Visitor: 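The structure is given below, and queries will be raised subsequently.
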2 protein chains.
Amino acid sequence: MENSAVKTIDRLVDLLDYFTQGHDAVSLAELSEYLELPKSTLHRFLVSLESHGILRRGANDKKWRPGYHLIVWGSIAAENSAIREIAKPFMSELVTASGEMAILTVYHAHEVVCIEMTETNHPVRLNMKVGEQRAAHAGASSKALIAFLPEEEIMAIVKDKGLPKLCTNTITDVAALKAELARIREQGYSHSLEETDPGAWGVATPIRDWTGRVVGALGLAGPTLRYSDDKVKEYAALCLGYASRIATALSTPGKNSNNQ
Amino acid sequence: MENSAVKTIDRLVDLLDYFTQGHDAVSLAELSEYLELPKSTLHRFLVSLESHGILRRGANDKKWRPGYHLIVWGSIAAENSAIREIAKPFMSELVTASGEMAILTVYHAHEVVCIEMTETNHPVRLNMKVGEQRAAHAGASSKALIAFLPEEEIMAIVKDKGLPKLCTNTITDVAALKAELARIREQGYSHSLEETDPGAWGVATPIRDWTGRVVGALGLAGPTLRYSDDKVKEYAALCLGYASRIATALSTPGKNSNNQ
DNA sequence: AATTTAATTCCATTATATGGAATTTCAACA
DNA sequence: TGTTGAAATTCCATATAATGGAATTAAATT
């Protein structure tokens with residue numbers, strides 16, 4: 001519910017994020033209440049969005065849903081991310097080397113977004129998908145990303161989202177989180193065990209651009225049945241190696257025009 | 001460059017579609033010219049979009065790119081599509097039964113959008129991805145979708161996009177296209193051979209909701225080295241079977257609230 | 001068929017986006 | 001390191017585009 005220079009955009013974001021929050025079909029009345037907008041104003045707005053395919057209406061119920069145009073833009077945005085394009089082949093190698101799924105994430109708006117994922121063939125796998133948003137305070141990738149944010153930003157996240165207990169080992173205390181982030185900065189990688197999902201662990205390392213800024217995180221994740229302390233070390237080393245290769249590729253001005 | 005009730009939304013769509021048209025990073029000046037907007041107006045707009053993660057700026061150049069928030073919304077939109085969710089398991093079966101990749105498409109804004117895709121393990125595969133837009137006049141899926149549109153809509157597509165020759169066998173004549181669409185309505189499925197991509201063929205069938213409206217197309221596609229007339233018939237029969245099963249599942253009011 | 005509830009349209013009003021001009025920033029080159 | 005030029009950014013009086021209360025229509029519900 002931020003306030004930017006263009007009100008209509010703020011409104012659009014609030015509206016679409018309502019779907020992100022788990023609602024999949026909403027009526028005009030429901031939205032009118034949620035957005036605190038008169039139905040007339042909102043209706044005009046929704047019809048406009050529908051005409052562009054940003055929203056679509058159910059054939060039976062007349063409820064509003066996210067439209068197909070969003071899929072197109074999402075695909076373009078994913079495609080257009082330099083880090084993603086560059087990381088892709090390395091992620092395949094990483095999966096082959098480790099046997100676990102690789103995840104590429106970026107920090108965005110107090111949360112962490114998965115922008116690429118390479119699966120394994122293991123019968124036991126985790127459920128993650130591109131575009132998925134996760135809490136910034138829990139899980140290896142999240143911690144690897146926020147560990148390198150300025151202190152104020154971390155506090156802003158905590159203030160905004162709190163530190164909800166998502167799983168057995170979620171860090172729910174600010175002091176503990178800060179200590180953990182310091183440890184991550186120290187050792188250069190993060191790991192987690194059942195911080196977000198029961199039965200899952202993760203390892204992740206930051207990816208830096210040529211200025212040293214952390215622009216993403218490279219992670220591995222798997223089920224606890226394939227977990228051990230030794231593996232964490234081994235996987236961390238693997239991630240560190242590939243993250244540094246991705247960083248190098250990122251800063252090499254090749255044919256791609258996407259300077260992050 | 002449509003005109004809806006809310007100007008800002010029209011503008012947003014024009015802007016984001018600039019990226020869809022193959023540009024991956026643009027300057028304020030370039031956009032200002034393209035959108036025919038004064039830089040001051042545009043600048044305010046862009047900054048607003050950036051603040052919401054709809055756009056992001058390169059760290060080096062100051063060019064504008066699609067932002068990560070779009071990935072999140074795209075993922076939600078894909079997720080939230082009843083037909084996609086329902087079709088998914090059937091598509092896996094279809095891939096197993098046929099050995100070729102399955103594609104689920106919908107018609108949107110004079111084009112065809114891929115909303116789901118199930119790959120094969122074949123070393124030779126096609127390059128298709130979720131969110132990809134394709135021309136509405138060429139390829140099996142496209143034809144299966146537009147064959148059931150009202151005549152005016154087809155003419156609107158032709159007027160808007162023309163019938164560009166995309167590959168060896170692209171239909172570039174309106175009369176021929178109409179005849180082909182009539183044939184497709186007749187036999188209930190479409191097929192194509194090198195209409196969009198060299199070395200590729202496809203077969204597709206419409207998927208209908210309980211009202212009989214065509215809400216998507218289910219297709220198979222593969223390389224010409226695995227093509228024959230017999231296979232087309234065989235694959236068409238497979239697609240028809242699964243499309244009808246998807247249609248049934250669509251009209252069965254289950255737990256899912258997405259009535260298309 | 002009547003009643004309730006939700007969606008849609010209308011239009012005078014006002015808040016909001018507008019854009020020309022001034023200012024600042026940045027990069028390239030001397 | 002200073003100079004120039006081409007961008008981006010800010011400012012603010014103005015016009016215009018979004019606003020929302022009230023009336024109308026459509027769709028459920030009894």
Side-chain angles (χ1 to χ4, degrees), chain A residues 1-16 18-19 23-52 54-65 67 209-211 213 251 253 257 259-260, chain B residues 1-16 18-19 23-52 54-67 209-211 213 253 257 259-260:
Chain A
M1 207 124 315
E2 288 87 309
N3 244 51
S4 82
V6 185
K7 213 175 176 180
T8 308
I9 297 301
D10 298 348
R11 207 164 271 182
L12 174 75
V13 173
D14 285 348
L15 164 60
L16 291 181
Y18 191 63
F19 294 110
H23 305 86
D24 46 52
V26 293
S27 66
L28 175 69
E30 182 180 349
L31 270 179
S32 165
E33 183 172 0
Y34 172 69
L35 295 172
E36 297 178 352
L37 283 176
K39 287 178 188 169
S40 54
T41 304
L42 186 60
H43 181 259
R44 189 164 2 89
F45 186 60
L46 296 176
V47 169
S48 166
L49 293 172
E50 184 188 26
S51 78
H52 290 295
I54 297 173
L55 295 180
R56 68 193 162 88
R57 254 185 287 198
N60 311 334
D61 57 15
K62 306 184 69 174
K63 293 193 175 176
W64 299 90
R65 301 179 164 73
D209 68 7
W210 63 277
T211 67
R213 201 168 60 98
S251 58
S257 58
N259 303 279
Q260 141 69 203
Chain B
M1 204 122 316
E2 286 90 310
N3 244 50
S4 81
V6 185
K7 211 175 177 181
T8 307
I9 296 301
D10 298 348
R11 205 163 274 182
L12 175 75
V13 172
D14 286 347
L15 164 61
L16 292 181
Y18 192 63
F19 294 110
H23 305 86
D24 47 52
V26 293
S27 65
L28 175 69
E30 182 181 351
L31 270 179
S32 165
E33 183 170 0
Y34 172 70
L35 295 172
E36 296 178 351
L37 282 176
K39 286 179 190 169
S40 53
T41 304
L42 186 60
H43 182 258
R44 193 167 356 92
F45 187 58
L46 296 176
V47 169
S48 166
L49 292 171
E50 184 189 26
S51 79
H52 289 296
I54 296 173
L55 295 179
R56 68 194 162 89
R57 253 186 286 200
N60 311 334
D61 56 17
K62 306 183 70 174
K63 293 192 173 178
W64 300 89
R65 300 178 164 75
D209 68 6
W210 63 277
T211 67
R213 201 169 60 97
S257 57
N259 303 277
Q260 141 71 207

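A note on names: the letters A, B, ... follow the listed sequences, proteins ahead of strands, and every chain is numbered from 1. All of these numbers come straight from a predicted model, not from anything done at the bench.
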Visitor: State which of D:dG20, C:dT8, D:dA8 makes the closest approach to the side chain of B:L28.
Guide: D:dA8

Visitor: Would you indicate which nucleotide in C:dG19, C:dA17, D:dT9 comes nearest to any side-chain atom of B:K39?
Guide: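 For the B:K39 side chain, the nearest candidate turns out to be D:dT9.
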
Visitor: What's the verdict on side chain to side chain contact (heavy atoms under 4.5 Å, CB included) for B:Y34 and B:H23, showing C-alpha distance, side-chain angles and the deciding distance?
Guide: CA-CA 12 Å; B:Y34 172 70; B:H23 305 86; over 6 Å; no

Visitor: Specify the separation, in whole Å, of atom CD1 of A:I9 and atom P of C:dT18.
Guide: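 Spelled out: CD1 on A:I9 to P on C:dT18 is 10 Å.
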
Visitor: Does a side-chain N or O of A:H43 approach OP1 or OP2 of C:dA7 to a distance below 4.0 Å, or not?
Guide: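 False: A:H43 side-chain N/O out of range (4.0 Å or more) of C:dA7 OP1/OP2.
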
Visitor: Please state how far atom NZ in B:K7 lies from atom C1' in C:dT18, giving the value in whole angstrom units.
Guide: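 In whole Å, C:dT18 C1' lies 8 Å from B:K7 NZ.
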
Visitor: Side-chain contact, heavy-atom cut-off 4.5 Å: A:L55 with A:F19?
Guide: yes

Visitor: Look at A:R11 and C:dT16 and indicate whether a side-chain polar atom (N or O) is within less than 4.0 Å of OP1 or OP2.
Guide: no

Visitor: Give a yes or no on this: more than 12 heavy atoms of other residues, nucleotides or ligands lie within 6.0 Å of atom CD of B:E33.
Guide: no

Visitor: Does D:dA18 have its OP1 or OP2 closer than 4.0 Å to a side-chain nitrogen or oxygen of A:R44?
Guide: no

Visitor: What is the distance, rounded to the nearest whole Å, between atom CZ of B:F45 and atom P of D:dA8?
Guide: 17 Å

Visitor: Does a side-chain N or O of A:T41 approach OP1 or OP2 of D:dG20 to a distance below 4.0 Å, or not?
Guide: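 Looking at the OP1 and OP2 atoms of D:dG20, one of them is under 4.0 Å from a side-chain N or O of A:T41.
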
Visitor: Under a 4.5 Å cut-off applied to non-hydrogen side-chain atoms, are B:F45 and B:L12 in contact?
Guide: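 Contact flag for B:F45/B:L12 side chains = yes.
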
